[in-house]
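These notes concern the structure reproduced below.
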Amino acid sequence: MQLVAPGLSLRLQKFTPGLSLGWHETTYFFPETGGTTNAPISVLALQTKVIGINLAPGRITIGFSRRLAVPLPAEDCNVVQIISYSETRPKDTVVVQKEFK
Amino acid sequence: MKKTMIGMLLVVFGMSGCTSHLVFLEEDHFGLKAQFEPNNPAPAELSLGYRRGVVAVIPQQAAQPVKLTNSVTVATETTASNTVVKVYNDPNELMSLYTVFRANVGFGDPVEVHHFLATGTAATSLLANEGELRNVVTNLAGFTSGK
């Protein structure tokens, strides 16, 4: 899932709060659910791309900025996860998480 | 297209529980960047130009100090036809982690990232068998496409 905010944007969401002027793009990497949608889905990784001015908690950037963050799976420590992403081939993106009990 | 194997981090540690927060962070920045610490108006870090960083943050949250020991004991038994690898977890180990990251880092090139992460018993099982580990890593989707 991708969230694009051109121009002046105020972001209040959990992962990338802040204020930006220019171009702000957030890509959320959610795991494939295999058709199961009842269970809550947590984001496996997050990529932000900013062109312009960005004010975030504890950080000010001017210019081009891109960052990819991968949080630790919080609920279960026995997991294998794969994230494969190409900007030129977004349809080939692979986001998989397997849990082992 | 410049391709770089950014890093292979092998971390087996015994100080952190499942509820701790690990953040793997990879970033590119071109321009001006200022970072601040709480309650300090002066920037703690200031950079101008191109900056690239790959960071793994693993905070330790053990309530009591834990003496580090060997995290995993691996024993290999070979019979006439089979080789059996046994993994014995160290009771002092609270968590294992194995992660591989590969990315296209050419400035101005399209972004391409591949990330593999295994935690807990999944990680220790992989670590017990180097051949299997190598096979998993090299055959991951995107890892063998010439990137």
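Computed from heavy atoms alone, side chains included, the values below leave out hydrogens, waters and symmetry copies. Just so we're on the same page: letters track the sequence lines, and every chain starts at 1.
The hydrophobic clustering, which links ILVMFWY residues whose side-chain heavy atoms are closer than 4.5 Å, places W23(A) and L8(A) apart. Side-chain heavy atoms closer than 4.5 Å link hydrophobic residues (I, L, V, M, F, W, Y) into clusters, and following such links, even through other members, never connects L48(B) to I51(A). When hydrophobic clusters are built by joining Ile, Leu, Val, Met, Phe, Trp and Tyr residues whose side-chain heavy atoms come closer than 4.5 Å, directly or via intermediates, F64(A) is grouped together with Y50(B). In the hydrophobic cluster analysis, where Ile, Leu, Val, Met, Phe, Trp and Tyr join through side-chain heavy atoms closer than 4.5 angstrom, L55(A) is grouped together with L12(A).
Each of V70(A), V95(A), L44(A) was evaluated against H115(B); a single residue qualifies, V70(A), per the side chain to side chain contact (heavy atoms under 4.5 Å, CB included) test.
Not one N or O on the side chain of H29(B) forms a donor-acceptor pair closer than 3.5 Å with the backbone of R66(A).
Interface remark: of the candidates L68(A), V50(A), L46(A), L68(A) forms the most heavy-atom pairs closer than 4.5 Å to chain B. Ranked by heavy-atom pairs under 4.5 Å with chain A, the list A34(B), G31(B), S47(B) is led by A34(B).
Between atom CZ of residue R51(B) and atom OG1 of residue T61(A) there is a gap of 12.0 Å, rounded to the nearest 0.5 Å. Annotation: the span from S84(A) atom OG to H114(B) atom NE2 amounts to 4.5 Å, rounded to 0.5 Å.
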### Query
Going through the checks in order, is the side chain to side chain contact (heavy atoms under 4.5 Å, CB included) test met by R89(A) and E112(B)?
CA-CA 9 Å; R89(A) 293 176 284 109; E112(B) 182 156 350; 3.3 Å; yes
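For residues 35-45 of chain B, the interface with chain A (any heavy-atom pair closer than 4.5 Å) comprises Q35(B), F36(B), sorted by residue number.
Within the 4.5 angstrom heavy-atom criterion, only side-chain atoms of Q47(A), from C-beta onward, approach chain B.
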